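Letters A, B, ... are given to chains in the order of the sequence lines, protein chains preceding strands, and every chain is numbered from 1. Everything quoted here is computed from the prediction, not taken from an experiment.
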There are 2 protein chains.
Amino acid sequence: MEEGTSESPSSADVTYSCSALQWDIREGCEVRQILDRVADKWSLMVISLLGHQTLRFTELKREIEGISQRMLTVTLRHLERDGLIERTVHPVVPPRVDYALTDLGCGLIETIQSLVRWTEGNQEAIVRARLEFDARQAAAAIAT
Amino acid sequence: MEEGTSESPSSADVTYSCSALQWDIREGCEVRQILDRVADKWSLMVISLLGHQTLRFTELKREIEGISQRMLTVTLRHLERDGLIERTVHPVVPPRVDYALTDLGCGLIETIQSLVRWTEGNQEAIVRARLEFDARQAAAAIAT
DNA sequence: CCGTATCCTCCTGGATACTG
DNA sequence: CAGTATCCAGGAGGATACGG
């Protein structure tokens, strides 16, 4: 497992005061780490799927088409380490492992939804901004 | 500029229905893209700094210790493209360029704060979960 | 079934040097 | 001052094969 154990290998521990958001961003700061987890390519998929129900490894893999076995394992371990999901091993053959959201994980879903709603409410504006921006770029390129 | 122009180079356009979060995650979906922007290593720093006041390029670079000139430029372009910040070039010598948050950007700050508050409110639980997890890992490793 | 171990590729992002 | 261009190292993540 080479992914970097969230131990924050970089020793640069600079502190910035960001009063607009009322927090200090440090390398390896909590906020940063949670944000990284939230923005992780697969984490949100897993969290949202487990929002409905408990699922086992293979079921998750089947639902999340495109994820590799390795990345599903890695993602699940991260979420488990952070206490967002719970892993239950049933001592049967063939092995059966269930994954479920913890209370902490449920709370995160609530929070994320506000971000999602904001995005949905403003995505038209964003798309429009991008089109305008790209148009300006293109115009500038032609002028060269 | 090799960073991938958000044009979504991957043609895999799979759709999953995630009713827990009430949205479809597609490769290149809007929600994903905004989330990526929010979780970007430097974006939040820039946004929060511009939350107070208009700043120029060098001022931002000075405030965000550790950022390279290239990454500041890239980050600013992305935010500008999405309509979150506004870039004003003053035709003077030496050149002066001001960056300010747009209304859209201000709205994003509001939204992010709920995530930040959640993180702050739960970071003790998360740290505790990690310690327990790591302890279990260590115990399992010794047992080998 | 549920992983872990290994390899290998591509992308991100830092360092550096150069322009208007 | 405010970038752009180029090069390059390191890590994320996919494919594959194997183990309990």
> Side-chain donor-acceptor pair under 3.5 Å between Arg77(B) and Gln137(A), yes or no?
Replying inline: no
Would you mind telling me which of [options] lies closest to the side-chain atoms of [X]?
| X | options | value |
| --- | --- | --- |
| Arg77(A) | dG3(D), dG3(C), dA15(C) | dG3(C) |
| Phe57(B) | dG14(C), dG3(C), dG3(D) | dG3(D) |
| Gln69(A) | dA17(D), dA15(D), dG3(D) | dA17(D) |
| Tyr99(A) | dG13(C), dG14(D), dG3(C) | dG3(C) |
| Thr73(A) | dG14(C), dG3(D), dT4(C) | dT4(C) |

>> Starting from Leu131(B) and following side-chain heavy-atom contacts under 4.5 Å between hydrophobic residues (I, L, V, M, F, W, Y), which residues can be reached?
In response: Val127(B)
>> Starting from Val93(B) and following side-chain heavy-atom contacts under 4.5 Å between hydrophobic residues (I, L, V, M, F, W, Y), which residues can be reached?
In response: none
Once you round it to whole Å, what is the distance between [atom2] of [N] and [atom1] of [X]?
| X | N | atom1 | atom2 | value |
| --- | --- | --- | --- | --- |
| Leu72(A) | dA5(C) | CG | C1' | 17 Å |
| Asp36(A) | dA12(D) | CG | C1' | 13 Å |
| Met71(A) | dT16(D) | CE | C1' | 16 Å |
| Leu60(B) | dA2(D) | CG | P | 9 Å |
| Lys61(B) | dG14(C) | NZ | P | 10 Å |
| Trp42(A) | dA12(D) | CH2 | C1' | 13 Å |
| Ile67(B) | dT12(C) | CD1 | C1' | 14 Å |
| Asp40(B) | dT12(C) | CG | P | 11 Å |

> Mind checking what makes side-chain hydrogen bond (donor to acceptor under 3.5 Å, both in side chains) contact with Ser43(A), not counting sequence neighbours?
Replying inline: Asp40(A)
>> So if I take residues 86-96 of chain B and measure heavy-atom distances to DNA chain D, which residues fall below 4.0 Å?
In response: Arg87(B), Pro94(B), Pro95(B), Arg96(B)
> Which residue pairs satisfy the salt bridge (Lys or Arg N to Asp or Glu O under 4.0 Å) criterion with at least one member in residues 84-99 of chain B, sequence neighbours excluded?
Replying inline: Arg96(B)-Asp98(B)
>> Closer than 3.5 angstrom, by distance alone: can the side chain of Arg81(A) be matched with the main-chain N or O of Glu132(B) as a donor-acceptor pair?
In response: no
> Residues in side chain to side chain contact (heavy atoms under 4.5 Å, CB included) with Glu59(B), at least two apart?
Replying inline: Leu55(B), Arg56(B), Arg62(B)
>> With a 4.0 Å limit, can you tell me whether Arg70(A) has a side-chain N or O closer than that to the phosphate oxygens OP1/OP2 of dT4(C)?
In response: no
> Within the structure, does a side-chain N or O atom of Lys41(B) lie under 4.0 Å from either OP1 or OP2 of dG14(C)?
Replying inline: yes
